[in-house]
2 protein chains.
Amino acid sequence: MKSSRECIEYIRPVRDVLDIINGKWKLPILISLSFGNKRFKELEKEVEGITPKMLSKELRDLEMNQLIIRSVYDTVPVSVEYSLSEYGKSLDSVIDALREWGKKHRNKLFAKL
Amino acid sequence: MKSSRECIEYIRPVRDVLDIINGKWKLPILISLSFGNKRFKELEKEVEGITPKMLSKELRDLEMNQLIIRSVYDTVPVSVEYSLSEYGKSLDSVIDALREWGKKHRNKLFAKL
DNA sequence: TATACCAGTATACTAAAGTATACCGGTATA
DNA sequence: TATACCGGTATACTTTAGTATACTGGTATA
């Protein structure tokens, strides 16, 4: 049994990550972008159920935290492309861990039926 | 570049996990319990900033999803102890990944100052 | 000519998360 | 006798997350 202080120290970095990727949509968006750069409407289709308002807001948050890059191309009309930054790509270990656990969890749920 | 369908399949298990551990408090609570069984008031201190109302609600959610166990001991007055279930313990890989990334993120933030 | 695509914004709303503060009855401690 | 601990609950509130629906102006397509 370790000290309470040690435990609090341990929690801190996790809280920092949660501040950035918390919520229903941010990780799904990042995963979608890990499959390739996407335009707004493509994301809207691939992140099932998200509304344009939420997508717009979440993309802004992710860009602010430098996890994704928004590129505007000078076409007519302008086209906008979203991509993962290198920093965003470094979240893949987190996503892998979540995904592995999620798959186990699904199996557990189905096994019960 | 993979298919959109493949991407959506990839997202699904992650959304399942998020349904269970989403929010500001659940992971901190689980981490605290990973350091040893705790009583209600102990958790209230160790998960800094949480109010008893939120703690109570989150503990109920976590218990419902079988990630933690609530044991009531027949003392006078009764004492209540919370512990991680085996299933809850299996989240350690997720927590490790989050923690590692969080530590890197902190370093990045401090490096900027 | 009508329709659809693009990258969102506008408005209005509901639901959930989270905060603040006070309180309970019973027990143990000072 | 006063205070603090225990495991919470009660009430009231604010903030954030999320939903629903409609719309924009310019372009390309049928």
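Computation of the quantities below employed the complete heavy-atom set of this structure, encompassing side-chain atoms and omitting hydrogens, waters and symmetry-equivalent molecules. Order of the sequence lines fixes the chain letters, A, B, ..., with proteins taken first and strands second; residue numbering starts at 1 for each chain.
Remark on DNA chain D: of its neighbouring residues K41(B) and E58(A), the 5'-side contact belongs to K41(B), judged by nearest-heavy-atom nucleotide.
Within the 4.0 angstrom heavy-atom criterion, base atoms lie near T51(B). Residue contacts for P52(A): at a heavy-atom cut-off of 4.0 Å it reaches a base atom on one of the strands shown.
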Identify each atom pair where a protein N or O and an N or O of nucleotides 12-14 of chain C are less than 3.5 Å apart, giving names and distance.
from	atom 1	to	atom 2	distance (Å)
dA12(C)	N6	K53(A)	NZ	3.0

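By the side chain to side chain donor-acceptor pair (under 3.5 Å) test, T51(A) is found to be paired with no residue, residues two or more places apart in sequence or in another chain being considered. When the ring pair (Phe, Tyr, Trp, His ring centres under 6.0 Å) test is applied to Y10(A), the partners found at least two apart in sequence or on another chain are F35(B). Every residue was checked against the side-chain contact (heavy atoms from CB on, under 4.5 Å) condition with K45(B), not counting sequence neighbours, and none meets it. Partners of R39(B) under the side-chain contact (heavy atoms from CB on, under 4.5 Å) rule, at least two apart in sequence or in another chain, are E42(B), S79(B). Residues meeting the side-chain contact (heavy atoms from CB on, under 4.5 Å) test with K103(B), sequence neighbours left out: P13(A), R99(B), E100(B). For the side-chain contact (heavy atoms from CB on, under 4.5 Å) test, residues two or more places apart in sequence or in another chain that qualify with I20(B) are W101(A), H105(A), N65(B), L67(B).
Put simply, NZ on K38(A) is 17 Å from C1' on dA7(C), counting in whole angstrom units. If you measure from atom OH of Y73(A) to atom C1' of dC6(C), you get 16 Å, rounded to the nearest angstrom. Residue E48(B) contributes atom CD, which lies 17 Å from atom C1' of dG18(C) at whole-angstrom precision. The distance between atom CD of E42(A) and atom C1' of dA7(C), rounded to the nearest whole Å, is 12 Å. Rounded to an integer number of Å, the gap from CZ of R60(B) to P of dG18(C) is 14 Å. Between the C1' atom of dC5(C) and the CD atom of E44(A) lies a distance of 11 Å, rounded to the nearest Å.
A pairwise comparison of heavy atoms in A97(B) and S93(A) identifies CB-O, 3.9 Å as the closest pair.
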>> Apply salt bridge (Lys or Arg N to Asp or Glu O under 4.0 Å) to residues R60(A) and E63(A) and explain how you reach the verdict.
In response: CA-CA 5 Å; R60(A) 249 176 289 141; E63(A) 198 196 355; over 6 Å; no

>> Pair Y82(B), S71(B) - check side chain to side chain contact (heavy atoms under 4.5 Å, CB included), show working.
In response: CA-CA 6 Å; Y82(B) 293 93; S71(B) 312; over 6 Å; no

> Checking side chain to side chain contact (heavy atoms under 4.5 Å, CB included) for the pair R15(B)/R12(B): CA distance, chi angles, key distance, verdict?
Replying inline: CA-CA 5 Å; R15(B) 292 185 69 156; R12(B) 198 188 315 277; 5.8 Å; no

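A salt bridge does not link E81(B) with K38(B): none of the charged nitrogens is closer than 4.0 Å to a carboxylate oxygen. Using a 4.0 Å cut-off between charged side-chain N and carboxylate O, D61(A) and K57(A) make a salt bridge.
Following chains of ILVMFWY side-chain contacts shorter than 4.5 Å, one cannot reach I8(A) starting from L33(B), and the two form parts of different hydrophobic clusters.
In the 5' to 3' direction, nucleotides of DNA chain D lying under 4.0 Å from heavy atoms of chain B begin and end at dC6(D) to dA12(D).
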Per-pair distances, 0.1 Å, donor-acceptor, side chain in residues 22-30 of chain B, under 3.5 Å, sequence neighbours excluded:
from	atom 1	to	atom 2	distance (Å)
N22(B)	OD1	G23(A)	N	3.3
K26(B)	NZ	E58(B)	OE1	3.2

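Here the side chain of S85(A) pairs a donor or acceptor atom with the backbone of Q66(A) at under 3.5 angstrom.
To the nearest 0.5 angstrom, N37(B) atom CG is 9.0 Å from I69(B) atom CD1.
Of the residues in residues 63-70 of chain A, none has a non-hydrogen atom less than 4.0 angstrom from any atom of DNA chain D. Taking every heavy atom of residues 16-27 of chain A and every atom of DNA chain D, pairs under 4.0 Å involve K24(A), W25(A), by number.
End-to-end axis angle of the helix from dT1(C)-dA30(D) to dA30(C)-dT1(D), using five pairs per end and rounding to 10°, comes to 10°.
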